[in-house]
Amino acid sequence: MEEKFILNIIHRPEMVPEYAEKVTGHGKGEDLGRKALLTESLDIFKLQQEAAHRNGLKTTIQMTYASLFNDEAVELAKEHHAVYGDEIALTLLGLPCKQFREKYKTKDFCIWMFDMETKRSIVDDVFGKFYERFGFYPESTGSYYMDAELTNYIKSKYPMVKCAVATCWEEGPKAYHTCNNSWYTFMDGGPWAPWIPSKVNTHAPAANEAEDSGIVAIPHLSRDLIACYDGNGSNFGTHPQNVLRGMLYTPGQFGPDGTYSGQTYPYLYNLIDQFRYQAKFNNGYAYNMMFVGPGWMNKMGRWEAPYELLKASYDDGCAYYGQLKKEGRLTDMTMSEFADFYRARKHYTEPECALWRDLIYGSDKQLFWYCDPYMRACVNMDQGGAIVDLRPYAAKLEWPVGIGTPHVQECGYPFLIQEKYRAGYFTHYAGEGTVRSAKLCCDGEEVDLCLCRTKAHFSEEDGVRTLTLDPVDIVFAAATVKLQTVLRFEEGSGAIRIERHILSVSDPEAKITLNEYMVACYGTTEYPEDMTPVRLNVKRGGEEHPLQYAYRCREAELDGADEVSAVIPPIKTRVWMEAEGRGKRGYYREGYAFSPMFTLGYTGEVKEKEVFTTWLRLARED
């Protein structure tokens, strides 16, 4: 199949660039109408547009509310649409301006944080002003995040909208902490690549036409799927100024004539190429986007980088995309063009997959990401193929956001497993962290596969995406076991099948047992939630052993169990495991206050050439 690498370049003429008034004000009092600020902002927008056009790239111009009051910005958009084929779209970023402040009497600027009545009013104001200036309504819109109620309202009132920037990948506590605990945007848990959001929750992809919100959503920037997950995503994206902020470049220098040259950014180009590589795991399709406002390139410089480097990095980034296009390895599209392409190319249950390797530190670390309408999962090959992040999209959790709701700022989709916020395998001296892994036991010794680094190989057949891991040798005093793990993601099932193949055992008489386990909880941040609503169960036929969670360290097990399960009412999720193997025995364990988790698992006996198989399944339960 021919591989297709799609690029969206999105520019917005923010006449009052987000947080730029403080940066460019040179000590002056705040004045959102200050002429120097508006002029500089528009000049930077022109530079960004020129960089793209010079390299043969079309853009989507997302007009801000403030820019709709500026005649020059409006005329520029019209001209660039006519000459270069740029799309004139509308963003719900860039709201702050004199007119907005006078009407709404607030300094809030994040559309999803307003109460619903105000959201509707703002949308009608902004869309109405757009129509007044251009004579038509936009086909594309967006923000950092668009909650489901907001999206549903826009689609019902302005049905021509077909594409939107709808979330910022892993823009949660990690980003908050690296912004001095002052950047109140929490939206972990969403897709990293384009998707069709459900009507109920923006992060959860629609499973069918009935769930379809009517738009194609794209992420705010394309992020490094290891570095962003491990740390602050604002340093690791295909946005040249992100790369400068992350110090992932070699600076240039000023020459005698005042020109600036010599800068290099191999990480940026490697990151773009890594996204191109993902076509191998997605039926020949890969995606990348760059979403830029003028505030990143102001004349005072940013992040200890002079303006000249800010501008040069943007020029060089566009030049790299332009070269890929000339070589026939990239197709640039506007947002609405991409929405049409995406709907023609993808079907609802088709997953997005990413086999990602470390680009910064020279390690062999490798993660596999999987996203479909039922789950988002991350598999870590540095931990033997353990699942280290799991979001139950199958629940399609209702999660209203904004003033007047239980979640004023918190937009994240809850997790069951999350190694960064709930420890993972490597924990403190007591307690457990969330992870889905296995332990191999022999003659009193125990080894967790989280300690066994490996590599993965991807394949696809008949709707099943298979991750085959390189075998690992587990050395006990009594025997050496060669074990291979295979994970199968069954499209449309909400299930992950995990097979442990015992390839060889140095002593055929050694007694070896396998313990397949999942330590889980629920939440969106590092802080524990109330676990008392959780219900655990293990059953075989008509025999059941239910338990209401009470932090009392209780457990139960059952020979030949059909399933072990947990129901988590606060997130309307049911998760359960099934197993197939010799001597299988299902169990659950209740946690305690210091370690507020629960454990589901199966143990079984294994010998050479045998396979022990488990299934992890997710569903909604009201």
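FYI, side chains are in, hydrogens and waters are out, and symmetry mates aren't considered; it's all heavy atoms of this structure. Everything quoted here is computed from the prediction, not taken from an experiment. If you read the sequence from its start, that first residue is 1, and numbering goes on from there.
Ile360 CD1 to Lys365 NZ: the interatomic distance, rounded to the nearest 0.5 Å, is 11.0 Å. A distance of 8.5 Å separates CG of Leu90 from OG1 of Thr64, quoted to the nearest 0.5 Å. The structure places SG of Cys378 at 15.0 Å from CZ of Arg436, a figure rounded to the nearest 0.5 Å. Atom OH of residue Tyr265 and atom OH of residue Tyr249 lie 10.0 Å apart, to the nearest 0.5 angstrom.
A side-chain donor-acceptor contact under 3.5 Å links Ser595 to the backbone of Glu432. A donor-acceptor contact shorter than 3.5 Å is absent between the side chain of Asn201 and the backbone of Glu398. Counting only distance, with no hydrogens or angles, the side chain of Thr59 and the backbone of His11 share no donor-acceptor pair below 3.5 Å.
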Notebook entry, point to check: Are Tyr522 and Phe415 close enough, and set up right, to give a ring pair (Phe, Tyr, Trp, His ring centres under 6.0 Å), and what steps lead you there?
Noted result: CA-CA 5 Å; Tyr522 74 99; Phe415 54 75; 8.6 Å; no
Notebook entry, point to check: Which is it for Arg357 and Asp364 under the salt bridge (charged side-chain N to carboxylate O under 4.0 Å, His left out) test, yes or no, and what are the steps along the way?
Noted result: CA-CA 7 Å; Arg357 63 181 183 273; Asp364 288 331; over 6 Å; no
Item checked: Residue pair Asn288, Tyr321: steps toward the side chain to side chain donor-acceptor pair (under 3.5 Å) verdict -> CA-CA 10 Å; Asn288 194 208; Tyr321 285 126; 2.6 Å; yes
Item checked: Check against ring pair (Phe, Tyr, Trp, His ring centres under 6.0 Å), Tyr145 and His203 -> CA-CA 10 Å; Tyr145 180 74; His203 281 144; 5.3 Å; yes
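In this structure the side chain of Thr250 never reaches within 4.5 angstrom of the side chain of Gln263, judged on heavy atoms. Two residues are said to be in side-chain contact when any heavy atoms from C-beta on lie closer than 4.5 Å; Pro13 and Ile61 meet this criterion. You'll find the side chain of Trp192 stays beyond 4.5 Å of the side chain of Ser222, heavy atoms only.
Side-chain contact of Tyr65 with Thr91: a donor-acceptor pair under 3.5 Å is absent, judged by distance alone. Between the side chains of Ser313 and Gln241, at least one donor N or O lies within less than 3.5 Å of an accepting N or O. Lys174 and Tyr421 form a side-chain donor-acceptor contact under 3.5 Å, judged by distance and modelled atom types alone.
Sorted by first and then second residue, the salt bridge (Lys or Arg N to Asp or Glu O under 4.0 Å) pairs involving residues 263-274 (not counting sequence neighbours) are Asp273-Arg276.
Salt bridge status for Arg422 with Glu529: absent, with no side-chain N to carboxylate O gap under 4.0 Å. A salt bridge does not link Lys199 to Glu211: none of the charged side-chain nitrogens sits closer than 4.0 Å to a carboxylate oxygen. A salt bridge links Glu170 to Arg376: one of the charged nitrogens lies within less than 4.0 Å of a carboxylate oxygen. Ion pair Lys420/Asp230 flagged as a salt bridge, since at least one NZ, NE, NH1 or NH2 atom sits closer than 4.0 Å to an Asp/Glu carboxylate oxygen. The pair Lys311-Asp315 counts as a salt bridge, with a side-chain nitrogen and a carboxylate oxygen less than 4.0 angstrom apart.
When Phe281, Trp356, Phe5 are each tested for a ring pair (Phe, Tyr, Trp, His ring centres under 6.0 Å) with Phe275, only one passes: Trp356. Among Phe291, Trp369, Trp195, Tyr144, the one residue that satisfies the ring pair (Phe, Tyr, Trp, His ring centres under 6.0 Å) test with Trp169 is Trp369.
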